Amino acid sequence: MPATVDKTASHTSKNRGEPIIEVTNLVRRFGDRTVLNGVTFKVHRGDTFVIMGGSGCGKSTLLRHIIGSLKPTSGSIKLFGKEITKMEERELGVIRRRFGMLFQSGALLQSLTVGENVALPIIEHSNVKPNIVDLMVKMKLELVGLTGFEHLKPSEISGGMKKRVALARALALDPELLFSDEPTSGLDPVMTAVVDELTVDLTRKLGMTAVVVTHDMTSAFRIATRMVMLGTGDLRGKILAEGTPEEIRRHPNPMLQQFIRGEADGPIPLRLSEGDYLKTLLGEEIDYRK
Ligand SMILES: Nc1ncnc2c1ncn2[C@@H]1O[C@H](COP(=O)(O)OP(=O)(O)OP(=O)(O)O)[C@@H](O)[C@H]1O
Ligand SMILES: [Mg+2]
């Protein structure tokens, strides 16, 4: 037995479960803007696959393609071995029962209570009796630390609480695959740790697979078994790096290093340089294609 246990050991390229998401050469254009430009990766069963990258680089767009709510310009996406890019809604519905999705905005229905929001996927996708639905809702709210809040409306709870309700809803049907877009943004450090621990428990102990988009590097390194970073500048729409957390920490790419260290100075191109900002204030035109 080695003295220390490497938690990433089973997630190196050699030794992983079967692939349950396979994205190959994914391209997505909006008008003449190419947001995803040949993205290829696989997520294997049991992975906590973290997607990183600057604001606006295409992370949420990538997730929306994987869940089938956007169609790619070209390329292939397989979920559980099935090509979803050409699937019709009815067929997609069957696949969607197997995964939960936490949207970046939370996307709670304002007219429903917290409990009714969490109950929604249970009522929609299963046939269980109301008292069992209530029990399932209570269990999921307990998981995210919100016991007793089921009768409040989304407008009566805080931003961080809304995020946790959205997570409880994504977990309502015990999905084998969870997509989370910024699950910890707006949470305090303690609640972030609670949500991270929940993700780790569900994946490492209960065998769920998770795909998590996050800007929070502490959280990313705490939960990830594999990580990818989407690029900016010349590498816009492409994967700049992929690997285990250790490989990403040691990766030589300076943009990646600047990102994970959260440094203001470095090679990541910013939209407005100081000079450009002054020009904007003075009303002069800037060519953003530069
Ligand atoms: N439906 C759409 N129509 C046109 N452009 C879109 C559409 N959806 C996304 N985009 C563009 O795609 C780019 C990537 O957006 P996306 O929301 O995926 O970024 P992100 O990486 O999730 O950013 P953030 O970290 O700020 O959430 C943006 O420039 C956005 O304007
Ligand atoms: Mg986003």
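Since the model is a prediction, treat every value here as computed from it, not as a measurement. In listed order, ligands and their atoms are each counted from 1.
- At least one donor-acceptor pair closer than 3.5 Å links the side chain of Lys59 to the backbone N or O of Gly54.
- Under a 4.0 Å criterion applied to the non-hydrogen atoms of Arg33, ligand 1 contributes the atoms 29 (O), 31 (O).
- In this structure, the separation between CZ on Arg164 and CD1 on Ile157 is 8.5 Å, given to the nearest 0.5 Å.
- In terms of protein heavy-atom proximity, atom 17 (O) of ligand 1 is nearest to Ser60 CB, 3.8 Å.
- Taking both residues in full, the closest heavy atoms of Thr192 and Asp216 are given as CG2-OD2, 3.8 Å, listed atom of the first, atom of the second, then distance.
- Within the 3.5 Å criterion, the main-chain N or O of Lys71 finds a donor-acceptor partner in the side chain of Arg28.
- In terms of N/O distances under 3.5 Å, ligand 1 is not approached by Gly53.
- Looking at Val35 against ligand 1, only its side chain comes within 4.0 Å, counting heavy atoms.
- Excluding waters, the set of protein N/O/S atoms under 2.8 Å from the Mg ion (ligand 2) reads Ser60 OG, Gln104 OE1.
- Remark: the backbone N or O of Arg249 is paired with a side-chain donor or acceptor of Gln257 at under 3.5 angstrom.
- Ionic pairing of Lys78 and Glu83 is not present here: no N-O contact between side-chain nitrogen and carboxylate oxygen is shorter than 4.0 angstrom.
- Ligand 1 places these atoms under 4.0 Å from at least one heavy atom of His215: 25 (O).
- Of all protein heavy atoms, the one closest to atom 27 (O) of ligand 1 is Gln104 NE2, 2.8 Å.
- Summary of contacts: the protein heavy atom closest to atom 26 (O) of ligand 1 is Ser55 OG, 2.5 Å.
- In terms of modelled atom types and a separation under 3.5 Å, the side chain of Asp47 and the main chain of Phe49 share no donor-acceptor contact.
- Between Asp174 and Lys140 a salt bridge is recorded (basic side-chain N to carboxylate O distance below 4.0 Å).
- Partner of Met136 under the side chain to side chain contact (heavy atoms under 4.5 Å, CB included) criterion, chosen from Ile122, Leu141, Asn131: Ile122.
- Distances between N or O atoms of Leu62 and those of ligand 1 include no value under 3.5 Å.
- Any N or O atom pair closer than 3.5 Å counts here, and Phe30 shares no such pair with ligand 1.
- Within the listing of ligand 1, atoms 9 (C), 12 (O), 14 (C), 15 (O), 16 (P), 18 (O) sit less than 4.0 angstrom from a heavy atom of Thr61.
- For atom 21 (O) of ligand 1, the nearest non-hydrogen atom from the set Arg64, Lys59, His65 belongs to Lys59.
- Looking only at distances, no side-chain donor or acceptor of Ser76 sits under 3.5 Å from a matching main-chain atom of Thr24.
- Scanning all heavy atoms of the two residues, the minimum distance from Thr199 to Thr203 falls at O-OG1, 2.7 Å.
- There is no path of hydrophobic side-chain contacts, each under 4.5 Å, that joins Phe179 to Leu120.
- Atom 28 (C) of ligand 1 has Gly56 O, 3.9 Å as its closest protein atom, hydrogens excluded (heavy atom only).
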